[in-house]
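Below is one structure, written out as structure tokens, with a few remarks after it.
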Amino acid sequence: MHVLLVDDHALFRSGLRCLLSELDAGLTFAEAGRLSDALSQRDPPASLVLLDPALPDRAGTDPIRRLQAAH
């Protein structure tokens, strides 16, 4: 399964990646610190997106719908 971690704090993304890797060694990951970066990552498409709901660049957009359309 491919997991996309979207959070503006790199240390949080790193910790979450380590924790999830311990649970399932077969997971692959992509990381993004901004919504715009997450929307541009499509290869491979994410099976699971873990999204910070308070991203600084979401600016009134609906990030979940935009990510669903992208992935």
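Owing to the predicted nature of the structure, the values given are computational and were not obtained by experimental measurement.
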Exercise. Does atom CG of L11 have more than 12 heavy-atom neighbours, drawn from other residues, nucleotides or ligands, at distances under 6.0 Å?
Worked result: no
Problem set entry | Closest contact, heavy atoms only, A38 versus A32 | N-CB, 3.5 Å
Exercise. CG of L51 to CG of L4: how many Å apart, nearest 0.5 Å?
Worked result: 8.5 Å
Exercise. Could you state the interatomic distance from CG (L20) to CG (L5), rounded to the nearest 0.5 Å?
Worked result: 6.5 Å
Seminar exercise, completed: In short, salt bridge (charged side-chain N to carboxylate O under 4.0 Å, His left out) pairs touching residues 4-15 with sequence neighbours left out are R13-E31
For this session: Please identify each residue that fulfils side-chain contact (heavy atoms from CB on, under 4.5 Å) with T28, with sequence neighbours left out.
Result: H2
Seminar exercise, completed: Residues D24 and G26: closest non-hydrogen pair is OD1-N, 2.8 Å
For this session: Determine whether F12 and L35 fall in the same hydrophobic cluster, where Ile, Leu, Val, Met, Phe, Trp and Tyr are linked whenever their side-chain heavy atoms lie under 4.5 Å apart.
Result: no
Exercise. Between L48 and V6, is there a shared hydrophobic cluster once you connect ILVMFWY residues whose side-chain heavy atoms come closer than 4.5 Å?
Worked result: no
Seminar exercise, completed: Shortest non-hydrogen pair, D52 vs L55, comes out as O-CG, 3.4 Å
